[in-house]
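Structure first, then comments.
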Amino acid sequence: MSLVTDSPVHSSSSDDFAAFLDTELDSKSSASSASDDEAPNQRHSDSAASSSPDQDKEAEEDDDSDFRSKGVKRSKVETVEIVEDDGGTTSFASLKHNSEASISKEICTHPGSFGTMCIVCGQLLDGESGVTFGYIHKGLRLGNDEIVRLRNTDMKNLLRHKKLYLILDLDHTLLNSTQLMHMTLDEEYLNGQTDSLQDVSKGSLFMLSSMQMMTKLRPFVRTFLKEASQMFEMYIYTMGDRAYALEMAKLLDPGREYFNAKVISRDDGTQRHQKGLDVVLGQESAVLILDDTENAWMKHKDNLILMERYHFFASSCHQFGFNCKSLSEQKTDESESEGALASILKVLRKIHQIFFEELEENMDGRDVRQVLKTVRKDVLKGCKIVFSRVFPTQSQADNHHLWRMAEQLGATCSTELDPSVTHVVSKDSGTEKSHWALKHNKFLVQPGWIEAANYFWQRQPEENFSVNQIKN
């Protein structure tokens, strides 16, 4: 298999590139000195450290020098052998070198670069093009055509094994962290309840002294990751810095079973304050995203499953303007069996089942975004909603997030009362529409009823969101 036309495919192209580059860069030659033999883990940890522009330039030059000193000659890479294991997964086996057969620099399309050198022919390249994938390997940049090719190849492999992609946010989605200086007096008891960092797989509350931080994993998260990994190739994508992202990945995935090199931080994004799938080696039509912040994914809202925020620490509540006591201050936590992650896992199973088992069209034409819309529209199907004093003006109703949310969940929204109305959504039981709902035995619920249905992907008991009635 030619390296130019085919990639070594395992469970993910990003892991393959990491393995490929590590293999090449760690190849020892008789001319290499001991100082040249830098461990892959050290290279990854270096990428997590902050640096100035000048330091970045020096590091890039060092990468190129290291690339040359190790005697890596991309022009002599002829083939990559691929073997099938017993489970049918394609894995990277070996590299063959042929000193006589070479790839001409004149015809090389330069699919990517490592530093300023082509990853195939070794030629020094002028300028930058494509997208940087520093989370896979420091200094790696891939051209747009190569990204498309890798995504297509990886997609075929995943579909063959009935898997999709799942992008996971960290903070308020899988866990909650706080700086030690921000802990309240009511949270001091937590200092005596932290779990050992020697075997994090058995704990959920961790003191990270080096970062002056405490982190609490969300209930059910370990079961969630284990079961989701059977259906999805998973990435971490956080707006935190790389050092933080890697520390959280160690807590969530100490055995490196789920994420491996697929940990993306804000340092890897291509647009400030935004997350994008351009740095993910997966087809958008097969990607689902779990995140608590919709505005972080302005270009990919159709892929997003919005998560209810996990506020374990007081600082998290304060960050979002809540004056109530946090879960930690109340000495309680989310339910394992009925919490947000358990609920979303059911949704993911349903989407996965529909995508692979119920759709009849050609597999290549399937789009998980359409499945997501279909599943979402079943949540409030059959409900007809009228709002009462929820919007500043009635003309703003159809642009209000609650109106749009209800319609996305399958409800019909109206401004007029009639016998087909099933729910009146209001904050005040004294309005004319609220009185009508009570008189005609319709559901009178708070706006939170719609938001809860959106987070849990199922219609919630109306009695839990009843509007306080006022006596006439």
Side-chain angles (χ1 to χ4, degrees), residues 2-10 12-29 31-32 35-49 51 53 55-80 92 95-97 102-105 107-151 153-154 242 260-264 267-268 270 278-281:
S2 169
L3 182 64
V4 180
T5 58
D6 296 283
S7 68
V9 180
H10 189 48
S12 170
S13 297
S14 60
D15 288 339
D16 297 328
F17 258 103
F20 170 64
L21 290 171
D22 283 342
T23 300
E24 286 297 275
L25 294 175
D26 289 339
S27 298
K28 298 180 181 179
S29 66
S32 299
S35 62
D36 287 330
D37 298 326
E38 183 186 13
N41 289 337
Q42 182 61 45
R43 284 196 297 277
H44 284 296
S45 64
D46 288 345
S47 68
S51 58
Q55 289 173 322
D56 288 339
K57 184 176 181 181
E58 291 174 4
E60 186 173 281
E61 291 173 351
D62 289 343
D63 286 336
D64 289 345
S65 175
D66 187 51
F67 193 96
R68 288 190 292 269
S69 68
K70 291 181 182 299
V72 178
K73 301 184 183 299
R74 300 288 179 182
S75 61
K76 293 184 179 181
V77 178
E78 182 189 23
T79 59
V80 179
F92 176 51
L95 290 171
K96 285 186 177 181
H97 296 267
S102 64
I103 301 173
S104 170
K105 294 181 180 180
I107 64 171
C108 180
T109 59
H110 309 311
S113 61
F114 184 77
T116 59
M117 299 183 69
C118 175
I119 61 175
V120 174
C121 69
Q123 179 178 331
L124 288 173
L125 305 177
D126 294 328
E128 296 181 344
S129 62
V131 179
T132 299
F133 287 82
Y135 69 92
I136 297 177
H137 209 292
K138 185 179 177 181
L140 175 64
R141 179 179 287 270
L142 298 176
N144 294 329
D145 290 344
E146 181 66 1
I147 293 171
V148 170
R149 185 188 67 80
L150 285 170
R151 284 175 176 163
T153 303
D154 206 34
R242 183 152 186 79
N260 201 7
K262 302 183 292 297
V263 179
I264 305 173
D267 308 319
D268 304 304
T270 58
D278 52 344
V279 293
V280 174
L281 289 176

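- Of the inter-residue distances, the one linking L140 atom CG with F133 atom CZ reads 7.5 Å to the nearest 0.5 angstrom.
- Contact check for D145 versus T109: no side-chain heavy atoms found under the 4.5 Å cut-off.
- Here the closest non-hydrogen pair linking V279 and D268 is CG1-O, 3.4 Å.
- Take N144 and apply the side-chain hydrogen bond (donor to acceptor under 3.5 Å, both in side chains) test, not counting sequence neighbours, and it matches no residue.
- Put simply, the side chain of R242 gets close to the backbone of V263: a donor and an acceptor are under 3.5 Å apart.
- Rounded to the nearest 0.5 Å, atoms CG (L125) and CZ (R141) are 11.0 Å apart.
- Between the NE2 atom in H110 and the CG atom in L142 there is a gap of 14.5 Å [rounded to 0.5 Å].
- The shortest distance between side-chain heavy atoms of I147 and L281 falls below 4.5 Å.
- Here the NE2 atom belonging to H137 is positioned 14.0 Å from the OG1 atom belonging to T132, to the nearest 0.5 angstrom.
- In this structure, C118 SG and L124 CG are separated by 10.5 Å, a value rounded to the nearest 0.5 Å.
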